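Just so you know, these numbers use all the heavy atoms, side chains as well, and skip hydrogens, waters and symmetry mates. Bear in mind that the values here come from a model prediction, so they are computed numbers and not experimental data.
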Protein chains: 2
Amino acid sequence: MPRPRSVSPARLAAAALAVIDRDGLAGLSMRAVAAELGLTTMAVYRYVADRDELEALVVEEVLRTLDSTPPAAQPWAEQLRILVERVRATVGRHPGVVPLLVSHRHRSAGVLRWSETVVGILHGAGFDGTRRVIALRGLLSYVIGALQLEHLGPLAGPGTATIATLAGFPRLAETGQEAGAVAPDDEFAGGLAIVLRGLAR
Amino acid sequence: MPRPRSVSPARLAAAALAVIDRDGLAGLSMRAVAAELGLTTMAVYRYVADRDELEALVVEEVLRTLDSTPPAAQPWAEQLRILVERVRATVGRHPGVVPLLVSHRHRSAGVLRWSETVVGILHGAGFDGTRRVIALRGLLSYVIGALQLEHLGPLAGPGTATIATLAGFPRLAETGQEAGAVAPDDEFAGGLAIVLRGLAR
DNA sequence: ACCTGAACACCGTTCAAGT
DNA sequence: ACCTGAACACCGTTCAAGT
């Protein structure tokens, strides 16, 4: 007698995401997700082949809310800026997922949707062939790196500025001090502006 | 009767690096490093407080060979390019270490040395205050992101191009095809050139 | 068909003991 | 002071069994 599935993929992903949001990525385990759903550990394997697949589900759950539709007609650099800022806003709601985003980016439908739109904008801006490849990868590199610098901050201990002072790196210490006065939003936007300016030749 | 230490921190780091180079970062464990040195697992704890400290040692071992001395006098963008390319060359010899570089960057003496030189070049180029903070973080973001895109490639399965074709992302599929013709060196250098151009206003 | 429970081969780490 | 060996609390995952 077939029993009905007690849990949907979406509910599984939501449970895993709840674990990550509460206990961090380190807290994610098959056992923790099962407990979150009130199931035994092995019941989870009814819905997912292994941990890797569970992680992929979490990434899709997060990117499900990412709007990848092309922005309204306006200068192409501004369109790209909007798309990149959308990623940051979406991912920023679940910082623990950032490392998963990096490792699962290749197979993620959400990343593909977003990339397709970005490539379309680049094409409209006259980018083709090698130039377009490099532009896309350059943008991706910045986004992935910046998100990690922002969310995988120092887990504990003194900041870079303090360390640099002690270790005798005066200029870096000074820059570290000044960094405290820069809001994360401005830092991300500022770095992005640099990339977009460089893209515009 | 005190016994002499049988292993130096450098030898410990070298053993851990050998494990990573051979079996990947997933193969790194206290037990594997102990076996590499012909010791029991717990002997490793004589030299390192925990796994985190072992990882930090590996990062320093890799960055020990990173030349962070300022390049000869020449346009500042070219000096920055040289420093960034040095990082890529050094890290490229041990791709498995890339994730450790990301998580340990704050406490790494090697990263601090490199950053101090970069900040010095930025200062000489007239960057100060918020602009310099954003320039340093922007460069770091690109480097970290690009190294990960390069080395944490798809672990298995078809590439992005194939997936995109199947999933109905025509422009992305086309770009994926073209990406095959771009050498990793050119891709990294091209992205870096974009960032440096953007930095130069 | 869905779920359970025991078990296996791994982890990092603590602790008490040996030389 | 350095090293060992057993043990604990975790992992992901396999397998045989229950309903």
Non-neighbouring partners of [X] that pass side chain to side chain donor-acceptor pair (under 3.5 Å), sequence neighbours left out:
{"X": "A/Glu55", "answer": "A/Arg51, A/His104"}
{"X": "B/Arg86", "answer": "none"}
{"X": "A/Ser108", "answer": "A/Glu60"}
{"X": "B/Thr69", "answer": "B/Asp67"}

Practice prompt. Report yes or no: does B/Arg105 contribute a side-chain atom to a donor-acceptor pair with the main-chain N or O of B/Val102 at less than 3.5 Å?
Written response: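 Yes: the side chain of B/Arg105 pairs with the backbone of B/Val102.
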Just the atom pairs and distances: protein N or O near nucleotides 12-15 of chain C's N or O, under 3.5 Å.
from: C/dG12; atom 1: OP1; to: B/Met30; atom 2: N; distance (Å): 3.4
from: C/dG12; atom 1: OP1; to: B/Arg51; atom 2: NH1; distance (Å): 2.8
from: C/dG12; atom 1: OP2; to: B/Met30; atom 2: N; distance (Å): 3.1
from: C/dG12; atom 1: N7; to: B/Arg31; atom 2: NH1; distance (Å): 2.6
from: C/dG12; atom 1: O6; to: B/Arg31; atom 2: NH2; distance (Å): 3.2
from: C/dT13; atom 1: OP2; to: B/Tyr45; atom 2: OH; distance (Å): 3.1
from: C/dT13; atom 1: OP2; to: B/Arg51; atom 2: N; distance (Å): 2.9

Fill in: Nearest-Å distance for atom pair CG/P, residues A/Asp23 and D/dC11
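The distance from CG of A/Asp23 to P of D/dC11 comes to 11 Å, rounded to the nearest Å.
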Worksheet entry | Whole-Å gap separating C1' (D/dC11) and CG (A/Leu54) |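 In whole Å, D/dC11 C1' and A/Leu54 CG are 14 Å from each other.
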Practice prompt. Report the secondary structure of DNA chain D in dot-bracket form, marking unpaired bases with a dot and bases paired to a different strand with |, and treating Watson-Crick or G-U pairs with both distances under 3.5 Å as paired.
Written response: ||.|||||...|||||.||
Worksheet item: Which side chain to side chain donor-acceptor pair (under 3.5 Å) pairs, counting each pair once, include a residue from residues 24-46 of chain A, with sequence neighbours left out?
Response: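 Matches after skipping sequence neighbours: A/Arg22-A/Glu36.
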Discussion item. Run the salt bridge (Lys or Arg N to Asp or Glu O under 4.0 Å) test against B/Asp21 and tell me which residues pass, sequence neighbours left out.
Written reply: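 Applying salt bridge (Lys or Arg N to Asp or Glu O under 4.0 Å) to B/Asp21 gives none.
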Discussion item. For A/Arg171, give me all partners under salt bridge (Lys or Arg N to Asp or Glu O under 4.0 Å), at least two apart in sequence or on another chain.
Written reply: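 Partners of A/Arg171 by the salt bridge (Lys or Arg N to Asp or Glu O under 4.0 Å) criterion come out as none, since no residue qualifies.
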